[in-house]
Amino acid sequence: MPDEELRIGVFVCECGRNIAGTVDVETVRRYAESLPGVVTSQVNRYTCSDPGQAQIRKAIAEHKLNRVVIAACSPSLHQPTFRACLRQAGLNQYLLEMANIREQVAWVHMREPDAATYKAQETVKMAVARARYLRPEQEMEVPVTKAALVIGGGIAGIQAALDLADAGHKVYLVEKEPSIGGKMAMLDKTFPTMDCSI
Amino acid sequence: MMDAGRHPNIELMTYTEIENITGYVGNFHVTVRRKARFVDESECTACGDCVPVCPVIRPNEFEMGLSTRRAIYIPFPQAVPAAYLINIDECLGDVPIACGKCLEACDKKCIDFDMKDRIERFEVGAIIVATGLDVFDPTGLDEYGYTRYPNVITSLEFERLISAGGPTEGHFIRPSDRKQPKRIGFIQCVGSRTEISPDGPNPDGSRGHPYCSNICCMNTVKDSLLLKDHYPDTEITVFYMDIRAFGKGFEDLYRSSKEKGVRYVRGLPGKIREDPTTHNLLVTVENTTAGRLETHELDMVVLSVGFVPPEDGHIKKLLTLSNTSDGFLLEAHPKLRPVDAPAKGVFFAGCVESPKDIKDSVTQASAAAARAQRLLNKDRVSVEAITAWVDHDLCTACGICVKVCPYGAITADPKQKIKAVVTEASCAGCGACAAECPQDAIVMRNFTDLQIMAQVEAALAENPEEKTLVFACNWCSYAGADLAGVSRLQYPANTRVVRTMCSGRVDEDFVWRAFELGAAMVLVSGCHFGDCHYMTANHHTQKRVDKMWDRMERWGIRPERLQLEWISAAEGQKFARVMREIEEMRRQVTREEIEETKAIIAKRWRKRRK
Amino acid sequence: MATAGAGKQARFKCLRCGYEYTDVYAPDRERTCPKCRSNSVRRLRK
Ligand code: SF4
Ligand SMILES: [Zn+2]
């Protein structure tokens, strides 16, 4: 069951004209305000910018938010950004949910602004519905083995191995042929300097 | 090369195959097979005394078969490690009656016929994939006569012929009569910038690939300069579509090549014929600058061949990497994370990601090393909290989850009634177990049943009969949908997407609930087989959807209402097309049909739930 | 998971375009409709 004291904040991003050029963000903002558990709904010009993030942190403090929904771009782009923003505001980063209204709404329904706006509203509704059931999660920490494997002993593999080794890390350089050198070793001279390849 | 061979921090493992890689960021377990060289690598001084006595003569691969080597050989003079090896399949054998001559010839006694492949295991925190590329084989382009005409060679063969260390010691000769050619032609874009289409002349890519191989233009410019340096009176003609001399210092080289008298003819030859007596080549080309058909008589033609992605499906599978449509590896983000693999702790360097020249390969390799160091310099890294845990109040110890987990991360014992336990460090969070658990006893953190059901219900609360509900996996199909957006591909706006980490997470219950709420169409989408970021978790998706189709038919629901697609992160086009096709199908679904489905599900599924 | 019928001939039906065909059933290979390239290909059971 959702928490009794759900306090959800919704932040709708204009992304300049990227979202606002197709989606009526004010309609989406107002709609979000009407959803159960939502205590504040705000529009940002660029949510990922410093002022955008500051606005979220401020709202978290002001409205004592315990869930944050950001309607903006794909989570694959800025979920890490906004998770960091929640952490800075003292909120567990898993209390964030993103509604993808750019890559999967504004940019793919450019000729149907009304349908796009409706889809954006529903995408926010889905995100808010999911946010109600989000829980703070603790990440497990694992140790890092201080060594690297480089697969392939051509020019790229050799360079990567040398850089890592010079930086003090143990490197296993694995090459399937009997010698390193790869294709490069077969070249006589190399451009643009016209010098020897080996 | 030498530096890598003697760096105290580098353990060089040549003639070594990757057998297996398991684990996760910061903690990969690597198993390699160190193939037997039959010559002790640390003892061999590369004196070469063994070579003259070996009776087996084979084409030298490094010299593109332009010279020979023995069964005991060193790949090339500057090889690292500087040690010989025996190709045991070619060797006649060590028993005196068969051969064994090299054993006697080696004073240091470094030859050991009892050597066996050795399996070694080690641990690493980061992996850099630098498996390079392969060269396009122009044999499929019959009109150029490669392999039929001795004086048609590839650009890589050219390198060996002009190299002072090569088979001719740098005397540039043509294969048919070992004379120095006076008139040389270069043909550009061989195997590059060629359309592949199922009903065109190139259905399978044997005539080439659509992408530009990036370095062949400059390589030819360089080759023309080398020739002009060594043999100033050589007549050189380059046949090209465009000369792409875009890098630093490149235009200067191109200009200097033209100044030295190299002719550049805009137009790719349609055909090469050979004069059977002289073995000279007659090249017919439409010179598109002059607007006329020309025939050039040449002594030798060099095919400036492009590149193809390496054959390393095994490593791709072990590291759950995918490719872009050109066959090269797909990066985590094309602009912002160009050297990171989508899988954490794995990075790319060099041509395995796309064809590039030496400078770009080195640049990318340094970038990959820096990205890897960011990780290696930390003592600990955190793992996203999306792993599974088992509610022991619900678990009946049936053990189904143990069988579906691709990582072997779950233990349970149905016989002893020992309930399921998840090893968190091994769990990658695909959720196949949660989808299969008949008791709903498995909770996926951050992707719980409750959370996903809430999304499904919200999506279908209004006008469900007008909607298509899409389940998209995080790594491939959701990323493919994002790419459709980035590419501004338009598709119907009645789609509602629910993101899961893997298509294997899509529980039957989610689909039945969607139909119960009146959804017209449901699409389950995931990574292509072999691309799944959770190894084979998407095979369970296929099986589950098969099961659901059978069930729908039994229940009297049209199976067509549930669709399945494998869409990669590079297939934005496919995502948009599929959404348009499904919309066509959705229009055929009547309200009566939806009402009927709702009633059937309410009866059948609800009953099963009790 | 045991998969019955692997390696044997089976009937398949594309649930996108309706095309039906016979092919070897290989559970670890993805199915693609030879006509419309959809992956919504159902293995029919008798
Ligand atoms: S499948 Fe479910 S019920 Fe069976 S052992 Fe695993 S968790 Fe328990
Ligand atoms: Zn079809």
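Residue numbers start from 1 in every chain, and the chains themselves are labelled A, B, ... in the order their sequence lines are given, proteins ahead of strands. Given the structure is predicted, the values throughout are model-derived calculations rather than measurements.
In this structure, the side chains of A:Glu175 and B:Tyr15 stay at 4.5 Å or more apart for every pair of heavy atoms. In this structure the side chain of A:Ile151 reaches within 4.5 angstrom of the side chain of B:Thr131, judged on heavy atoms. For the pair B:His7/A:Leu162, a side-chain contact is recorded, criterion being any heavy-atom separation below 4.5 Å from C-beta on. A heavy-atom distance below 4.5 Å is not found between the side chains of A:Ser179 and B:Thr14. Looking only at side-chain heavy atoms (C-beta outward), A:Leu149 and B:Ile18 come within less than 4.5 Å of each other. The closest side-chain heavy-atom distance from A:Gln104 to B:Phe575 is not below 4.5 Å. Using a 4.5 Å cut-off on side-chain heavy atoms (C-beta onward), A:Pro178 and B:Tyr84 make no contact. Using a 4.5 Å cut-off on side-chain heavy atoms (C-beta onward), A:Ile180 and B:Leu12 make contact.
Residues B:Pro492 and A:His109 come closest through the heavy atom pair O-CE1, 3.3 Å. For the residue pair A:Asp163 and B:Ser366, the shortest heavy atom distance occurs at OD2-OG, 2.7 Å. For the residue pair A:Leu164 and B:Ala372, the shortest heavy atom distance occurs at CD2-CB, 4.1 Å. Scanning all heavy atoms of the two residues, the minimum distance from B:Ser361 to A:Ile155 falls at CB-CG2, 4.2 Å. Closest approach of A:Ala165 to B:Asn9, counting heavy atoms only: O-ND2, 2.8 Å.
Residue A:Gln138 touches chain B through its backbone alone, counting heavy-atom pairs closer than 4.5 Å. Residue contact with chain A, scored on non-hydrogen atoms closer than 4.5 Å, involves the side chain of B:Ile315 exclusively. Heavy atoms closer than 4.5 Å to chain A are found in both the backbone and the side chain of B:Thr495. Contact of B:Tyr73 with chain A is made through the side chain alone, with heavy-atom distances under 4.5 Å. For a residue to count as touching a neighbouring chain, one of its non-hydrogen atoms must lie under 4.5 Å from one of that chain's; by this rule B:Arg488 touches chain A with backbone and side chain alike. Looking at B:Pro8, there are no atoms closer than 4.5 Å to chain A (heavy atoms on both sides), in backbone or side chain. With a 4.5 angstrom heavy-atom cutoff, B:Gln364 does not touch chain A via any of its atoms. Using a 4.5 Å cut-off between heavy atoms, B:Arg499 touches chain A through its side chain atoms alone. Using a 4.5 Å cut-off between heavy atoms, B:Leu483 makes no contact with chain A at all. With a 4.5 Å cut-off on non-hydrogen atoms, B:Val497 touches chain A through its backbone and its side chain both. Contacts between B:Lys467 and chain A at a heavy-atom distance below 4.5 Å involve the side chain alone, from C-beta outward. When heavy atoms are compared at a cutoff of 4.5 Å, A:Asn92 does not approach chain B at all. With a 4.5 Å cut-off on non-hydrogen atoms, B:Asp252 does not touch chain A at all. Contacts of B:Val486 with chain A are made by both backbone and side-chain atoms, with heavy-atom separations under 4.5 Å. Looking at B:Val352, there are no atoms closer than 4.5 Å to chain A (heavy atoms on both sides), in backbone or side chain. Contact of B:Ala459 with chain A is made through backbone and side chain together, with heavy-atom distances under 4.5 Å.
Using a 4.5 Å heavy-atom cut-off against chain B, the contacting residues of residues 95-103 of chain A are A:Glu97, A:Asn100, A:Glu103.
With chain A as the partner, the residue from B:Val456, B:Thr387, B:Val362 showing the most heavy-atom pairs under 4.5 Å is B:Val362. In terms of heavy-atom pairs under 4.5 Å with chain A, the best-connected choice from B:Val30, B:Val498, B:Asn446 is B:Asn446. Here B:Arg496 is the residue among B:Arg33, B:Glu462, B:Glu384, B:Arg496 with the most heavy-atom pairs under 4.5 Å with chain A. Ranked by heavy-atom pairs under 4.5 Å with chain A, the first of B:Gly350, B:Ala481, B:Ser155, B:Gly132 is B:Ala481. Chosen from B:Val381, B:Ile21, B:Val129, the residue pairing most often with chain A at heavy-atom distances under 4.5 Å is B:Val381. Considering only heavy-atom pairs separated by less than 4.5 Å from chain B, the leading option among A:Ala116, A:Ser74, A:Gly157, A:Ala115 is A:Ser74. Chain A forms more heavy-atom pairs under 4.5 Å with one residue of B:Ile10, B:Asn377, B:Asp482 than with any other, namely B:Asp482. Between chain B and the options A:Arg130, A:Gln159, A:Glu141, heavy-atom pairs under 4.5 Å are most frequent for A:Arg130.
Counting only distance, with no hydrogens or angles, the side chain of B:Lys35 and the backbone of A:Glu177 share no donor-acceptor pair below 3.5 Å. Checking side-chain atoms of A:His169 against main-chain N and O of B:Leu376 turns up no donor-acceptor pair under 3.5 Å. For A:Thr145 (side chain) and B:Gly26 (main-chain N/O), a donor-acceptor pair under 3.5 Å exists by modelled atom type. Judged by distance alone, the side chain of B:Asn27 and the main-chain N or O of A:Pro143 form a donor-acceptor pair under 3.5 Å. Formation of a donor-acceptor pair under 3.5 Å by the B:Gln490 side chain with backbone atoms of A:Trp107 is found in this model.
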Exercise for the section: Take B:Thr448 and A:Arg135 through the side-chain contact (heavy atoms from CB on, under 4.5 Å) test and state the conclusion after the steps. Expected result: CA-CA 10 Å; B:Thr448 64; A:Arg135 310 199 58 85; over 6 Å; no

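Checking A:Tyr118 against B:Asn463 by side-chain atom types alone, a donor-acceptor pair falls below 3.5 Å.
The CG atom of A:Leu173 sits 10.0 Å away from the CE atom of B:Met13 when rounded to the nearest 0.5 Å. Between the CD atom in A:Gln79 and the CG atom in B:Asn474 there is a gap of 8.0 Å [rounded to 0.5 Å].
Between A:Glu139 and B:Arg380 there is no salt bridge, since none of the side-chain N atoms of the basic residue sits less than 4.0 Å from a carboxylate O of the acidic one.
For A:Lys176, the NZ atom sits in a loose shell: 12 or fewer heavy atoms of surrounding residues, nucleotides or ligands are nearer than 6.0 Å.
Ring geometry, B:Phe122 versus A:Tyr172: the interplanar angle falls under 30°, so the pair is classed parallel (tilted spans 30 to 60°).
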